[in-house]
Amino acid sequence: MNRNELLVVVIAVGLMAIPVSVISYSVITNTTVDDLTYETDTGLEVTATDAQVFESPPVVGNDTWTSGPLRLSSDGPSSATVSDAAFDRSTVGLESVDATRNPVTVNRSDIGAVELDGRFDQFSTPGIDTTDDEPDLSYRANENVTISISGVPTDTGVAAVDEGRVVATDTAPNPQGTATFRDLPSGQQAIRVAEIPSELSIRDVTDGSLIDGSAVDVSLTPVGATEPSTQQTTSDGTINMTGLPINERFAADLSSEGDYYDRRVRLPARIDQQPTYLLPDDDTVAAVSPRLTLDDRTGRFDEQGSEIRLQRPVPTATGTAYRTVAGDRLGDDGFQTALQRNQRYRVIIVDPTVGQTYVSSLTPRTSEPTAVPIEDIRYNTTESIDGLNISTAYRSHEDGDRLAVNLSNVRSADLSISEAGNASNLLLDDSYDQNVTADVPVPEENTDANWNADYEATTTNDATISGQQTIRNPARQQQREAVVRAILSILLVVVLGSVAMRVTPALGGVVISITAGLLWLAGWLPPEAGLPSIAVGVVIGVLGVISGSRRSL
């Protein structure tokens, strides 16, 4: 082989080695090639949309693919796509998962294992927490899917809840702390995992304590039915709810042997169960029993079909909170119950037939019949956002200042009203299943504040919209405008007076007095500044005249 032939061979070998080295480098470093696909021995294919997202080079095992804290595993052919969302600090997310033939288990060291069965266009979870109201699972799928989770309580069943509606359950307590939700609905879903309460507790409304030692008869009747589902007597303040429907609401009738006033209240669905509360029948609590009716000045509510709910502040394990303590359908005769005198109650009127909820307040003082007014409110601002309408108003009412917020074209809404700059000062924080109008009083100590209305609502077009509207206090705005006018008036007096005094001091005094007087009469210059300005102008004018007379002598 001559020299030229040897050179050709060397060059050819070098060119053949380049792709091999590049490919080897890219696989080892995972930094230069996108859409890398790895396959386990069982047939799980994991595709990375961007290799730079890996916290460490992936390790492919028999049935598991691992990168840092993230592990995906499957017993047979399946696939998943990994992006940077899989390593987000607050959630783990996958862009797509095909687990139609074999389930895929998603696990990260800071988030419990979740097994996916079906085809997902997108899936994410921040981890399972059954103690809060935040979504635990979010996904998008074109058909029903099944999801198994870990980290749930071992002594009770759990439910998958979508916007207040139970869509799947696992009612059998699992010693391993796992649960399976079958046939979860398709589409874009945000699922909350919640414990299924097994008991209804009965508490003293004044201190929140469990009524233990007083016999209470309890009858639970499904709303719309005539016969009770269960009748029980308790002496420890708890009623067994096991076996009762999870999504159904009940009308509860509670009667005591003289220690507490009888009570009728409509309970939320069992999945959202809250305690019932009784008012003590003793000398320490002043009580009245008004019969409540409606005075609807809008013509939107049907008293016959509307339900009234009465809420009041109640001590809870997490602090004082508003809880429903009494309520029922109004009907022709209204609703009568025992209430604590001079205690402010939040009144909620719900008419499901027209999809309207009205929130107001009531302070009972006598047992005389009392009409709850539903007022026709004139709003200061109205804004439409992708089909949702929000209107707000700050009203000076004969009974004190009030705030009004209306959300319309919604299927459900979370609404809170808080002081601007002091979010802990809440006037309202609740959820509603339809259009809502809130008309709440402003505390006397906060009549100089502005307020924020925060909302998150699902519209009738199934769009989720959130935002904040500021409710400005007109008195505060008027005060600002008065301050601005006063400052401008003082500047005008000073400028005109200075210019005139260059001619003669006497003229300056006259100009100051006349300008200040006119601005005072016009309401721009407050008396605290106007009268002294006029006096100063008079003094300057007199001194100027005296000074001029002396110079002429």
Side-chain angles (χ1 to χ4, degrees), residues 161-167 220-229 244-253 264-274 276 292-311 322-337 345-362 371-377 387-391 404-415 428-440 455-464:
V161 184
D162 176 24
E163 294 185 352
R165 180 174 59 94
V166 175
V167 293
L220 300 180
T221 304
V223 172
T226 57
E227 296 296 326
S229 294
L244 294 177
I246 298 173
N247 273 331
E248 195 164 301
R249 297 183 64 216
F250 289 89
D253 289 283
R264 184 171 178 84
V265 61
R266 289 196 174 187
L267 305 177
R270 182 177 157 201
I271 192 64
D272 297 316
Q273 194 63 69
Q274 294 181 357
T276 57
L292 303 177
T293 58
L294 280 190
D295 178 15
D296 180 16
R297 303 167 189 175
T298 67
R300 293 182 300 170
F301 289 82
D302 174 24
E303 188 165 3
Q304 178 68 30
S306 293
E307 176 184 332
I308 186 171
R309 303 173 191 169
L310 299 172
Q311 297 181 341
Y322 272 88
R323 293 287 184 263
T324 299
V325 297
D328 196 9
R329 190 170 64 88
L330 278 165
D332 293 331
D333 297 330
F335 176 68
Q336 186 171 19
T337 190
Y345 287 80
R346 182 179 294 164
V347 182
I348 302 175
I349 307 296
V350 179
D351 188 341
T353 59
V354 296
Q356 296 287 341
T357 297
Y358 189 83
V359 183
S360 187
S361 62
L362 170 72
V372 178
I374 299 181
E375 300 190 19
D376 193 6
I377 300 170
L388 177 147
N389 295 327
I390 178 169
S391 303
V405 179
N406 173 266
L407 290 171
S408 60
N409 293 339
V410 302
R411 287 198 297 110
S412 62
D414 296 331
L415 175 63
L428 182 70
D429 187 13
D430 213 338
S431 299
Y432 306 95
D433 294 330
Q434 53 192 15
N435 297 328
V436 57
T437 299
D439 182 19
V440 297
Y455 61 91
E456 182 174 343
T458 300
T459 69
T460 52
N461 297 324
D462 290 331
T464 300

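For the side chain to side chain contact (heavy atoms under 4.5 Å, CB included) with Gln304, the lone residue among Asp332, Thr353, Leu294 that qualifies is Asp332. With Arg411 as reference, Asp462 is the one residue of Thr459, Asp462, Asn461, Asn435 to meet the side chain to side chain contact (heavy atoms under 4.5 Å, CB included) rule. Under the side chain to side chain contact (heavy atoms under 4.5 Å, CB included) test applied with Asp302, the options Asp296, Asp351, Leu330 reduce to a single match, Asp351.
Nearest approach of Pro222 to Phe250, heavy atoms of both residues: N-CD2, 3.6 Å. Shortest non-hydrogen contact noted between Val359 and Leu428 is CG1-CD1, 4.2 Å.
Looking only at side-chain heavy atoms (C-beta outward), Leu267 and Leu220 come within less than 4.5 Å of each other. In this structure, the side chains of Tyr322 and Asp430 stay at 4.5 Å or more apart for every pair of heavy atoms. Under the 4.5 Å side-chain criterion, counting only non-hydrogen atoms from C-beta, Glu248 is not in contact with Val223.
Rounding to the nearest 0.5 Å places CD of Gln311 at 3.5 Å from CD1 of Ile348.
Looking at Asn406, its side chain never comes within 3.5 Å of a backbone N or O of Ser391 through a donor-acceptor pair. Listed for the Asn389 side chain is no donor-acceptor partner under 3.5 Å among the backbone atoms of Ser408. Checked by atom type and distance alone, the side chain of Asp295 never pairs as donor or acceptor with a backbone atom of Ala371 at under 3.5 Å.
Applying the salt bridge (charged side-chain N to carboxylate O under 4.0 Å, His left out) test to Arg329 and every residue at least two apart in sequence or in another chain returns nothing. For Glu375, the salt bridge (charged side-chain N to carboxylate O under 4.0 Å, His left out) partners two or more places apart in sequence, or in a different chain, are Arg395.
In this structure, a donor-acceptor pair under 3.5 Å is present between the side chains of Asp414 and Ser431.
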